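Heads up: the structure comes next, in structure tokens.
Because the structure is a prediction, the values reported are computed rather than measured.
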Amino acid sequence: MNWTQEVEKRKDDLLNDLQNFLQIKSVLDEENATEDAPLGKGVKEALDYLLMLGEKDGFTPKNVDHLAGHLEFGEGEDLLGILCHVDVVPEGDGWSVDPFGGEIKDGKIYARGAIDDKGPTMAAYYAMKIVKELKPDFTKRIRMIIGTDEESDWRCVDHYFKKEEMPSMGFAPDADFPIIYAEKGIADYDLVQKMNSEGNDSRNKVISFESGRRYNMVPDYAKAVVHLDEDHTKWVQQFEIFSKKEEIKGSYYMENGDVIFEVEGISAHGMEPDNGKNAGLYLAAFLTELPLDSQAEAFFAFTKENFFKDSRGVKLGVSHRDEITGDLTINVGKLRYSHEEGGRLGLNMRYGVHYDMEKAKDTLHSIEGYNVDKFTDSKPHHVSSDDELVQTLKKVYEEQTGEKGELITIGGGTYARSLEAGVAFGPLFPGREDIAHQKDEYMYIEDLLKATAIYAQAIYELACKS
């Protein structure tokens with residue numbers, strides 16, 4: 001079967017349907033939610049569009065309480081799932097084209113959602129359509145599961161799988177080619193300093209300290225308000241020396257008799273903290289050089305000793321490495337301190353598929369002077385490299401591209417972890433720039449068509465008799 005040729009026959013229809021799809025502004029809008037549009041009118045419109053398109057083309061549609069849906073065809077006891085989503089992030093500013101226009105130029109289709117995830121969703125849809133129109137003998141049912149809240153809280157799939165069947169295997173066209181077969185576990189939690197009852201032994205006080213807003217981002221800004229009951233000249237000079245030595249951008253000024261210290265770092269995704277420079281940790285490290293009250297001194301010393309220039313949890317006693325997903329990482333995404341309430345660290349821990357999280361929690365709870373708060377945990381996701389799903393997708397990718405189907409592990413989390421036996425499979429090809437969530441988001445038409453051919457062959461080989 002020449003899958004590329006089958007896609008070419010339907011190219012104009014695919015692009016037309018995709019343009020109509022992209023023109024729907026399916027951004028989360030809970031402020032204007034209704035019973036039949038719990039995530040907003042635009043999200044409902046996008047879900048309805050895909051379900052109606054599928055019904056027109058002969059698929060069996062189902063709307064699951066306006067939070068998710070599916071399109072199904074084929075026959076068999078087992079179910080192959082293809083997990084997509086119709087919601088998009090807000091468009092933001094600075095576009096050179098209409099972010100909801102679906103404009104085609106220079107071999108690319110531009111719009112919010114072009115690569116994440118409406119373009120890939122339409123590629124998977126047309127792959128299903130091609131296989132359906134070939135009328136093969138099926139060994140499985142094939143179901144496109146349509147999410148509506150992937151960019152926020154995943155309420156769509158959480159709700160869907162409480163009511164609907166879990167596929168026996170599946171893939172999500174919402175990440176990178178070739179195949180992401182393992183994803184680290186992701187735990188977010190706070191370490192909260194216990195207030196001591198001792199009298200403060202210094203008149204130098206940290207009035208407030210703040211850095212970072214999200215667990216999964218390296219903070220690029222930190223600010224401390226410090227009351228120095230002595231000449232501040234020595235300490236601002238020390239700050240200048242520290243900033244120069246550590247090659248960071250530090251600044252300070254006076255306000256109401258207090259010294260304001262500021263640090264600018266470099267932001268990065270929390271799955272690899274070493275790609276950034278954590279402004280909060282640098283400023284915390286500097287504050288350990290000041291003679292402070294005992295509460296502040298203890299907090300900033302603890303922060304420096306356990307996290308400054310150690311993103312692997314070594315000093316904290318929770319480090320781990322495995323051959324599949326590599327090093328455990330810890331990102332200090334939030335740092336807070338006030339003279340009245342003490343300190344709080346918001347941590348994002350990403351850990352391997354063989355990690356003993358219960359043992360790590362025991363270690364965390366045993367830290368003297370700190371409580372663990374707001375602990376959440378998304379378990380690691382891993383499908384064996386020998387699994388039929390992985391081996392079939394690998395074979396298909398190699399046949400369609402002529403390139404080696406490398407198996408990828410990541411520290412981030414993809415939609416595939418919603419499936420018990422699922423992997424992320426495209427749509428971003430190796431070497432292509434990842435412009436999801438950025439202005440002028442686009443997908444190459446060439447890549448869209450190639451992905452459609454790959455998905456069509458994958459569906460055929462996983463769910464039909466050869």
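When side chains are defined from C-beta on, C84 does not count as touching I146, because their heavy atoms never get closer than 4.5 Å. Proximity of D220 to I266: side-chain heavy atoms (C-beta onward) are nowhere separated by under 4.5 Å. Side-chain atoms of S319 and V314, non-hydrogen and from C-beta on, do get closer than 4.5 Å to each other. Side-chain contact between K450 and T401: present, with at least one pair of heavy atoms (C-beta onward) separated by less than 4.5 Å. In this structure, W235 and P291 have side chains that are in contact, with non-hydrogen atoms separated by less than 4.5 Å. Residues D440 and I435 are not in side-chain contact: their nearest non-hydrogen atoms beyond the backbone lie 4.5 Å or more apart. By the 4.5 Å heavy-atom criterion applied to side chains, I410 and I408 are counted as neighbours. Side-chain contact between V89 and E441 is absent, with no heavy atoms from C-beta onward closer than 4.5 Å.
Closest non-hydrogen pair, A127 versus T452, comes out as CB-O, 3.6 Å. Minimum heavy-atom separation, A458 to F425: CB-CE2, 4.3 Å.
Of the inter-residue distances, the one linking I454 atom CD1 with Y397 atom OH reads 6.5 Å to the nearest 0.5 angstrom. Going from atom CG of D447 over to atom CG of L449 covers 9.0 Å, rounded to the nearest 0.5 Å. The distance from the CG atom of L50 to the OG1 atom of T121 is 7.0 Å, given to the nearest 0.5 Å. If you take CE on M443 and CG on D117, they are separated by 9.5 Å, rounding to the nearest 0.5 Å. Once rounded to the nearest 0.5 Å, the distance linking CG of D373 with CG of L345 reads 12.0 Å. Interatomic distance, OG of S251 versus CD of E240, reported as 10.5 Å (0.5 Å rounding).
Taking the six-membered ring for Trp and thresholds of 30 and 60 degrees, Y351 and Y355 have ring planes inclined between 30 and 60 degrees apart. Below 30°, between 30° and 60°, or above 60°: for H354 and H382 the angle between ring planes is above 60°, a perpendicular geometry. Using a 30° and 60° split on the angle between ring planes, Y455 and F171 fall in the parallel class, below 30°.
Within the structure, salt bridge (charged side-chain N to carboxylate O under 4.0 Å, His left out) pairs that include any residue of residues 85-96 comprise K25-E91 (at least two apart or interchain). Within the structure, every pair that satisfies the salt bridge (charged side-chain N to carboxylate O under 4.0 Å, His left out) test and touches residues 170-187, not counting sequence neighbours, is listed here: E183-R417.
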Worksheet item: Given R321 and D327, is the salt bridge (Lys or Arg N to Asp or Glu O under 4.0 Å) satisfied, shown in steps?
Response: CA-CA 4 Å; R321 177 179 177 80; D327 289 335; 3.1 Å; yes
Worksheet item: After noting the C-alpha distance and the side-chain angles of D258 and H232, does the key distance pass the side chain to side chain contact (heavy atoms under 4.5 Å, CB included) rule?
Response: CA-CA 9 Å; D258 298 326; H232 70 274; over 6 Å; no
Practice prompt. Given side chain to side chain contact (heavy atoms under 4.5 Å, CB included), test N278 with V332 step by step and report yes or no.
Written response: CA-CA 8 Å; N278 192 313; V332 185; 4.0 Å; yes
Practice prompt. Evaluate the criterion side chain to side chain contact (heavy atoms under 4.5 Å, CB included) for residue pair K309 and Y282; output intermediate values, then yes/no.
Written response: CA-CA 9 Å; K309 298 185 179 179; Y282 276 96; 4.0 Å; yes
Item to complete: Evaluate the criterion side chain to side chain contact (heavy atoms under 4.5 Å, CB included) for residue pair K163 and D65; output intermediate values, then yes/no.
Response: CA-CA 10 Å; K163 295 202 165 189; D65 302 325; 2.7 Å; yes
Worksheet item: Can you check salt bridge (Lys or Arg N to Asp or Glu O under 4.0 Å) on E398 and K394, steps first, answer last?
Response: CA-CA 6 Å; E398 290 177 347; K394 184 174 185 291; 3.1 Å; yes
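Using a 3.5 Å distance cut-off with no hydrogens or angles, the side chains of Y126 and D17 do pair a donor with an acceptor. Between the side chains of Y221 and E210, not a single donor N or O lies within less than 3.5 Å of an accepting N or O. Residues H85 and D116 bring a donor and an acceptor atom of their side chains to less than 3.5 Å of each other. A donor-acceptor contact under 3.5 angstrom links the side chains of D322 and T325, judged on distance only. Side-chain contact annotation: H339 with Q295, donor-acceptor N/O pair under 3.5 Å absent. Using modelled atom types and a 3.5 Å distance limit, the side chains of K118 and S26 yield a donor-acceptor pair.
Between Y415 and W154, the ring center distance clears the sub-6.0 Å criterion. In this structure, Y370 has its ring center closer than 6.0 angstrom to the ring center of F302.
Without hydrogens or angle criteria, N275 side chain to A268 main chain gives no donor-acceptor distance under 3.5 Å. In this structure a side-chain-to-backbone donor-acceptor pair under 3.5 Å is present from H381 to G422. Checked by atom type and distance alone, the side chain of T392 never pairs as donor or acceptor with a backbone atom of L389 at under 3.5 Å. Of the possible donor and acceptor atoms, none in the side chain of N331 sits under 3.5 Å from a partner among the backbone N and O of M349. A donor-acceptor pair is defined here as one N or O able to donate and one able to accept, closer than 3.5 Å; such a pair exists between the side chain of Q391 and the backbone of S385. A donor-acceptor contact shorter than 3.5 Å is absent between the side chain of D188 and the backbone of F375. Judged by distance alone, the side chain of D434 and the main-chain N or O of A436 form a donor-acceptor pair under 3.5 Å. When atom types are taken as modelled, the side chain of N216 and the backbone of G270 share no donor-acceptor pair closer than 3.5 angstrom. In this structure, the side chain of K277 engages the main chain of E247 through a donor-acceptor pair within 3.5 Å. Between the side chain of Q23 and the backbone N or O of G101 there is at least one donor-acceptor pair closer than 3.5 Å.
Figure legend: cation-pi geometry between K223 and F261 absent, as NZ or CZ is not positioned both under 6.0 Å from the six-membered ring centre and within 45° of its axis. Annotation: cation-pi geometry satisfied between R432 and Y444 (NZ/CZ under 6.0 angstrom from ring centroid, within 45° of ring axis). The cationic atom of K315 (NZ for Lys, CZ for Arg) does not lie both less than 6.0 Å from the six-membered ring centre of F307 and within 45° of the ring axis. Relative to the six-membered ring of Y442, K108 meets both conditions, a distance below 6.0 Å and an angle of at most 45° to the axis.
Residues passing the side chain to side chain contact (heavy atoms under 4.5 Å, CB included) test with E289 are Q238, F242, F286, sequence neighbours excluded. Considering only residues two or more places apart in sequence or on other chains, E341 meets the side chain to side chain contact (heavy atoms under 4.5 Å, CB included) condition with S338. Listed by chain and residue number, W3, T4, V7, Q400 satisfy the side chain to side chain contact (heavy atoms under 4.5 Å, CB included) test with A453 (two or more places apart in sequence, or in another chain). With sequence neighbours excluded, the residues that form a ring pair (Phe, Tyr, Trp, His ring centres under 6.0 Å) with F209 are F300.
For N256, the CG atom is loosely surrounded, since the number of other residues' heavy atoms within 6.0 Å does not exceed 12. Heavy atoms from other residues, nucleotides or ligands lying under 6.0 Å from CZ of R155 number more than 12. Heavy-atom contacts from other residues, nucleotides or ligands closer than 6.0 Å to NZ of K234 number 12 or fewer.
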